[in-house]
Participant: 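Shown below is the structure under consideration.
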Amino acid sequence: MTVSTTSDAISLEDRYTLRTYSKLPVALERGEGSYVWDDEGNRYLDFYGGHCVTAIGHCPPRVSKAIADQARRLMFYSNAVYSPLRAETARAMMELAPPHLAQVFFCNSGTEANEAALKLARKFTRRMHVVSMTGGFHGRTLGSLAVTDGDSYRSPFESLLAETSFVPFGDIATLERTLAKTPTAAVILEPIQSMAGIVMADKEYYQAVARACRDHGTLLIFDEIQTGVGRTGSFSISTQLDVQPDIVTMAKSLGSGVPVGATLVNQTLADAAQYGDQGTTFGGGMIAMAAVRATLDTLIADELMSRAPQVFDHISAAAAELGVTCSGKGCLIGIDLGRPTKPVRAALLKRGVLVGGSANPNVIRIFPPLTVEDSEIDEFFGALGAALDATTADAAGPGRTDG
Ligand SMILES: Cc1ncc(COP(=O)(O)O)c(C=O)c1O
């Protein structure tokens with residue numbers, strides 16, 4: 001069977017890949033900037049970014065070129081050897097990172113970055129207990145799943161998961177009580193809880209969490225897999241919050257779509273790390289490093305991080321005009337529609353716009369790239385207004401339940 005139509009692609013993919021995902025009924029072939037095109041030539045405004053990945057747009061030219069050039073030179077060699085490209089990329093990354101962070105471990109995904117963080121924290125503190133937050137999502141491998149909240153992710157695997165205490169996000173008193181009661185290796189949190197519906201606490205909360213960790217000899221891990229790499233206006237959101245997490249994890253936008261994750265640690269942890277503490281064949285491979293290097297170069301050369309607040313302000317103002325409210329920061333945004341989003345997301349798709357759902361049935365998540373044009377934001381709100389008009393508050397049309 002030759003795959004020549006969307007329906008061919010859907011039936012072939014569903015026939016040969018495990019059906020563990022809820023997918024939009026589109027088959028994409030091409031992307032550029034804020035847009036993607038399906039195999040029938042239809043254009044979509046992509047405010048989903050393939051799960052919050054394309055922070056500098058689809059196929060950013062410097063990154064595409066760097067990958068293509070590198071693919072002709074040396075596609076891969078592992079950490080069994082040194083690499084000038086890996087060395088330069090690590091330096092570029094640490095120069096952008098908050099100054100208290102000293103070294104980086106490269107891996108291949110967000111969940112793997114969190115696995116490394118959790119292992120390093122346990123080994124360093126010689127404690128096993130970890131505290132996480134209600135509403136937090138940290139990945140689906142067993143270590144990261146153990147600190148991810150939500151029955152739908154956990155329940156089939158519960159007996160395999162390391163013990164974790166979940167405390168309410170934003171509740172400092174419960175966190176302090178928990179840390180006082182149980183010696184704890186690490187507190188892990190998403191500074192902006194994405195899947196929960198783009199939920200953020202006050203700056204003082206994060207600072208109180210950092211203080212509580214310090215008081216109890218507990219390490220603080222910021223899962224910046226979504227907030228990192230400039231999406232909220234700084235390379236790590238921790239600098240905006242005036243907090244110095246011991247470990248910061250990043251992935252998603254870091255390689256502009258090439259799989260890569262990173263675990264950044266402070267000097268104390270860097271000094272304590274030993275041969276064999278963590279490893280992976282593909283982490284720090286040359287294609288990934290070329291993609292990261294070019295992504296970071298683009299962020300700096302085009303001064304993209306400074307665009308984040310303007311994008312958020314433009315989107316908030318347009319949302320207010322429609323009578324809906326925004327949460328989040330920079331290009332990590334929740335829009336509370338005040339009614340179930342499922343039919344609205346389906347209506348947006350019909351109008352050629354991709355957005356994400358969330359665990360909050362009333363909140364859509366949008367992840368426009370930092371490169372988004374004002375006219376594209378206006379196009380989005382034109383479509384959102386029409387989608388809201390076309391759906392009634394209690395309609396139960398088709399659409400995804402997650403995202
Ligand atoms: C905050 C956060 N942490 C961790 C992960 C896991 O990343 P990955 O899917 O690359 O394993 C995700 C993925 O959505 C995430 O949003």
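Counting starts at 1 for both ligands and their atoms, in listed order.
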Participant: Sequence neighbours left out, what passes ring pair (Phe, Tyr, Trp, His ring centres under 6.0 Å) with Phe312? Give chain and number order.
Facilitator: none
Participant: Answer yes or no: are there more than 12 heavy-atom neighbours, outside Tyr205 itself, under 6.0 Å from its atom OH?
Facilitator: yes
Participant: Do Phe105 and Thr280 touch side chain to side chain, with heavy atoms closer than 4.5 Å?
Facilitator: yes
Participant: Quick one: does Thr17's side chain get under 4.5 Å of Lys23's, heavy atoms only?
Facilitator: yes
Participant: Does the side chain of Ile315 reach to within under 4.5 Å of the side chain of Phe380, using non-hydrogen atoms?
Facilitator: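 No, side chains not in contact.
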Participant: Who's touching ligand 1 if we go heavy atoms under 4.0 Å?
Facilitator: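 Heavy-atom contacts below 4.0 Å: Ser109, Gly110, Thr111, Asn114, Phe137, His138, Gly139, Glu190, Asp223, Ile225, Gln226, Lys252.
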Participant: Is atom CD of Glu32 surrounded by more than 12 heavy atoms (other residues, nucleotides or ligands) closer than 6.0 Å?
Facilitator: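 Incorrect, the count does not exceed 12.
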